[in-house]
Amino acid sequence: MTNELPLGPEVDDTPRPIPARVTHRGAHATLEPLHVRHAPDLWRAAQGADHTWTYLGSGPFPSEPTLRKLVGNQAAQHDPIFFAVRPHVSGVAAGWLSFMEIRPGDADIEIGNIWFSPAMQRTRAATEAIALLMRHAMDDLGYRRLVWKCHALNAPSRRAADRLGFVYEGTHRNHRIIKGRSRDTAWYSITDEEWPLRRAALALWLDDANFDHTGTARRSLGEIRASLAAGA
C-alpha cells in the first residue's frame with residue numbers, strides 16, 4: 001500500500017530572469033536606474049521631509065554629500081536594484097524604489113525600499129511608478145509571487161499595500177533591528193492567480209477617464225477592484 005503524502009501543485013520551475021537596470025516609461029512617471037546624478041534632485045526633494053524616513057533604514061541626511069554617498073552605494077547594488085522616479089509634471093527625480101529579495105528559482109520578487117517625497121506622495125505618478133514595476137515583474141518577467149513588506153507600525157505603507165491589492169500574510173515579530181529599535185515586519189503578497197484582477201484595476205484607475213478636471217480620481221482603486229471582482 002502506497003503512503004502518499006499531500007504535495008503542492010506542480011508548477012513551471014524555470015528560473016525567471018533577473019530584472020535589468022533599464023528605464024521604464026509610463027504616462028505620468030519615468031523610472032530610471034538610480035545614479036549619483038539623481039542626488040541633487042533627490043536632496044532638494046528631501047528638504048523639510050525628515051518624517052518620511054521614520055520607518056526606513058536610512059535617513060534623514062545632514063548634507064547632500066551624505067545622501068549622494070547612499071545613492072552611490074544603492075546604485076552599485078544588484079539586489080536591491082534601485083530606480084529613481086521622475087514624475088513628468090515636474091521633470092525632476094522625486095523618489096526611489098527597488099526590486100529586492102529577488103529569487104529567480106522560486107519566481108519570487110519584492111518591491112520595496114520605497115521613498116517618495118511629500119510632493120510625490122498620493123499622486124498618480126506615485127501609483128504608476130509602483131505599477132510599472134509590478135507589471136514588469138509579473139507580465140514581462142513571469143514571476144509568480146510579488147511581495148510587499150513594511151514595518152508593522154508603518155500605517156501609510158500598510159494602507160498602500162491594501163490599496164494596491166496585496167494580501168496580508170502575517171507579521172514576523174522581532175524581525176529586524178532598525179536604527180537601534182526592534183521592528184516587527186508585516187508581509188503582503190500578490191500571486192500570479194491574483195495578478196490579472198489587480199493589473200486590470202490599476203489600468204482603469206490610471207486611465208484619464210477616471211480623473212476629473214481637477215485631477216481628482218472619480219473612483220478609488222479599491223472600488224474599481226471590488227467592481228471587477230463582482231463582475232460589474
Engineer: Applying side-chain contact (heavy atoms from CB on, under 4.5 Å) to Leu42 and Trp115, what does each step give before you reach the verdict?
Structural biologist: CA-CA 10 Å; Leu42 294 168; Trp115 179 78; 4.2 Å; yes

Engineer: Does Met134 share a hydrophobic cluster with Tyr168, counting links as ILVMFWY side-chain heavy atoms below 4.5 Å and allowing steps through other members?
Structural biologist: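 In one cluster with Met134: Tyr168, yes.
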
Engineer: Please say yes or no: joined through hydrophobic side-chain contacts below 4.5 Å, possibly via intermediate residues, are Ile114 and Leu206 part of one cluster?
Structural biologist: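 Per the 4.5 Å side-chain linkage, Ile114 and Leu206 are co-clustered.
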
Engineer: Verify the cluster assignment for Trp195 and Leu204: are they in a single hydrophobic cluster under the rule of side-chain heavy atoms below 4.5 Å apart?
Structural biologist: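 Linked within one cluster.
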
Engineer: Quick one: CH2 on Trp43 to CG on Leu67, what's the gap to the nearest 0.5 Å?
Structural biologist: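 It comes to 7.0 Å.
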
Engineer: Should His28 and Thr127 count as side-chain neighbours, where that means a heavy-atom distance under 4.5 Å?
Structural biologist: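 Contact flag for His28/Thr127 side chains = no.
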
Engineer: So Ile109 and Val147, do their side chains get closer than 4.5 Å, heavy atoms only?
Structural biologist: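 No. Closest side-chain heavy atoms not under 4.5 Å.
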
Engineer: Tell me if a side-chain donor or acceptor on Glu32 pairs with a main-chain N or O of Ala84 at a distance below 3.5 Å.
Structural biologist: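 Checking the backbone N and O of Ala84 against the side chain of Glu32, no donor-acceptor pair under 3.5 Å is found.
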
Engineer: Nearest 0.5 Å please: distance from the CZ atom of Phe83 over to the CG atom of Leu132.
Structural biologist: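 The CG atom of Leu132 is 10.0 Å from CZ of Phe83, to the nearest 0.5 Å.
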
Engineer: Under 6.0 Å from the CZ atom of Arg144, do we count more than 12 heavy atoms belonging to anything else shown?
Structural biologist: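 For Arg144, atom CZ is not crowded (no more than 12 foreign heavy atoms under 6.0 Å).
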
Engineer: If you take all heavy atoms of Trp205 and Ala217, which pair is closest and at what distance?
Structural biologist: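 Shortest heavy-atom contact: NE1-CB, 3.7 Å.
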
Engineer: Do Ile102 and Leu141 have side chains that get closer than 4.5 Å, going by heavy atoms?
Structural biologist: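 With C-beta onward as the side chain, the pair stays apart.
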
Engineer: Quick one: CG on Leu146 to CZ on Arg198, what's the gap to the nearest 0.5 Å?
Structural biologist: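 Here the interatomic distance stands at 11.0 Å.
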
Engineer: Indicate, with yes or no, if Ile224 and Leu197 share a hydrophobic cluster defined by side-chain heavy-atom contacts under 4.5 Å among Ile, Leu, Val, Met, Phe, Trp and Tyr.
Structural biologist: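 In one cluster with Leu197: Ile224, yes.
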
Engineer: Nearest 0.5 Å, please: how far is CD in Glu128 from CG in Leu133?
Structural biologist: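 Separation between the atoms: 11.0 Å.
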
Engineer: Please report the interatomic distance OG1(Thr216) to CZ(Phe211), rounded to the nearest 0.5 Å.
Structural biologist: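 CZ of Phe211 is found 8.5 Å from OG1 of Thr216.
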
Engineer: Pairs of donor and acceptor atoms involving the side chains of residues 9-20, under 3.5 Å and at least two apart or interchain, shall be tabulated with distances.
Structural biologist:
{"from": "Asp12", "atom 1": "OD1", "to": "Thr14", "atom 2": "N", "distance (Å)": "2.9"}
{"from": "Asp12", "atom 1": "OD1", "to": "Thr14", "atom 2": "OG1", "distance (Å)": "2.7"}
{"from": "Arg16", "atom 1": "NE", "to": "Gly142", "atom 2": "O", "distance (Å)": "2.7"}
{"from": "Arg16", "atom 1": "NH1", "to": "Asp12", "atom 2": "O", "distance (Å)": "3.0"}
{"from": "Arg16", "atom 1": "NH1", "to": "Thr14", "atom 2": "O", "distance (Å)": "2.7"}

Engineer: With sequence neighbours left out, what residues match Ser98 under side-chain contact (heavy atoms from CB on, under 4.5 Å)?
Structural biologist: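 If we apply the side-chain contact (heavy atoms from CB on, under 4.5 Å) test to Ser98, skipping adjacent residues, the hits are Pro80, Phe82, Met100, Asn113.
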
Engineer: For residues Pro87 and Met120, report the shortest heavy-atom separation together with the two atoms involved.
Structural biologist: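 Scanning both residues completely, I find the closest heavy atoms to be CG-SD, 3.9 Å.
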
Engineer: Quick one: closest heavy-atom pair of Asp192 and Pro196, and the distance?
Structural biologist: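 Closest pair (atom of Asp192, atom of Pro196, distance): O-CD, 3.3 Å.
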
Engineer: I need the minimum non-hydrogen distance between Asp50 and Pro60, along with the two atoms involved.
Structural biologist: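 Looking at all heavy atoms of both residues, the closest pair is OD1-CB, 3.4 Å.
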
Engineer: Given side chains that start at C-beta, do those of Ile190 and Trp148 come closer than 4.5 Å, heavy atoms only?
Structural biologist: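 Of all side-chain heavy-atom pairs linking Trp148 with Ile190, none is under 4.5 Å.
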
Engineer: Look at the side chain of Arg158 and the backbone N and O of Ala152, then say whether any donor-acceptor pair between them is shorter than 3.5 Å.
Structural biologist: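 Judged by distance alone, yes, a pair lies under 3.5 Å.
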
Engineer: Strictly distance-based, threshold 3.5 Å: is any side-chain N or O of Lys149 a donor or acceptor partner for the main-chain N or O of Gly112?
Structural biologist: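 Pair absent, no side-chain N/O of Lys149 close to backbone of Gly112.
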
Engineer: Spell out, as yes or no, whether a donor-acceptor pair under 3.5 Å connects the side chain of Arg21 to the backbone of Leu34.
Structural biologist: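 A pair under 3.5 Å: yes.
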
Engineer: Is there a donor-acceptor pair closer than 3.5 Å between any side-chain N or O of Tyr55 and the backbone N or O of Leu153?
Structural biologist: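 Looks like yes, one N/O pair under 3.5 Å.
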
Engineer: Compare all side-chain heavy atoms of Trp96 with those of His38 and state whether any distance is below 4.5 angstrom.
Structural biologist: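 In short, these two side chains do not touch, never coming nearer than 4.5 Å.
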
Engineer: Calculate, to the nearest 0.5 Å, the distance between atoms OG1 and CG belonging to Thr23 and Leu31 respectively.
Structural biologist: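 One finds 8.5 Å between OG1 of Thr23 and CG of Leu31.
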
Engineer: Over all heavy atoms of both residues, which pair between Asn174 and Ser182 is shortest? Give the atoms and the distance, please.
Structural biologist: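 Smallest interatomic distance, heavy atoms only, reads OD1-OG, 3.2 Å.
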
Engineer: Do Val71 and Phe61 come within less than 4.5 Å of each other through their side chains, counting heavy atoms only?
Structural biologist: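 Counting from C-beta outward, Val71 and Phe61 never come under 4.5 Å.
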
Engineer: Would a single hydrophobic cluster contain both Val85 and Val89, if residues Ile, Leu, Val, Met, Phe, Trp and Tyr are joined by side-chain heavy-atom contacts under 4.5 Å?
Structural biologist: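 Per the 4.5 Å side-chain linkage, Val89 and Val85 are not co-clustered.
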
Engineer: Test Arg145 against every option in Glu101, Glu194, Glu169, Glu193 by the salt bridge (charged side-chain N to carboxylate O under 4.0 Å, His left out) rule and name the one that passes.
Structural biologist: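 When Glu101, Glu194, Glu169, Glu193 are each tested with Arg145, the salt bridge (charged side-chain N to carboxylate O under 4.0 Å, His left out) holds only for Glu169.
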
Engineer: Looking at Thr30, is its backbone amide N or carbonyl O close enough to the side chain of Arg25 to form a donor-acceptor pair, meaning the two atoms are under 3.5 Å apart?
Structural biologist: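 No.
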
Engineer: What verdict does the side-chain contact (heavy atoms from CB on, under 4.5 Å) test give for Leu164 and Leu202, after you've listed the backbone C-alpha separation in whole Å, the side-chain angles of each residue and the deciding distance to 0.1 Å?
Structural biologist: CA-CA 8 Å; Leu164 292 164; Leu202 281 163; 4.0 Å; yes

Engineer: Examine distances only and state if a side-chain atom of Arg218 and a backbone atom of Ala209 form a donor-acceptor pair shorter than 3.5 Å.
Structural biologist: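 Such a contact is found between Arg218 side chain and Ala209 backbone.
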
Engineer: Report yes if some heavy atom in the side chain of Arg199 is under 4.5 Å from a heavy atom in the side chain of Met138; otherwise report no.
Structural biologist: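 Not touching, per the 4.5 Å side-chain cut-off.
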
Engineer: So which atom in Ala27 and which in His88 form the shortest heavy-atom distance, rounded to 0.1 Å?
Structural biologist: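 In terms of heavy atoms, the two residues are closest at O-ND1, 3.1 Å.
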
Engineer: Determine, stepwise, if the pair Ser117 / Arg44 fulfils side chain to side chain donor-acceptor pair (under 3.5 Å).
Structural biologist: CA-CA 9 Å; Ser117 71; Arg44 286 188 289 271; over 6 Å; no

Engineer: Does His51 NE2 have over 12 foreign heavy atoms under 6.0 Å away?
Structural biologist: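 Result for NE2/His51: enclosed.
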
Engineer: Can you tell me if Arg103 and Tyr143 form a side-chain donor-acceptor pair at under 3.5 Å?
Structural biologist: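 Looking only at side-chain atoms, Tyr143 and Arg103 do not form any donor-acceptor pair under 3.5 Å.
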
Engineer: Under a 4.0 Å N-O cut-off, is there an ion pair linking Asp208 with Arg124?
Structural biologist: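 Arg124 and Asp208: salt-bridged.
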
Engineer: How about Lys69: does its NZ atom have over 12 heavy atoms from other parts shown lying under 6.0 Å from it?
Structural biologist: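 No, not enclosed.
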
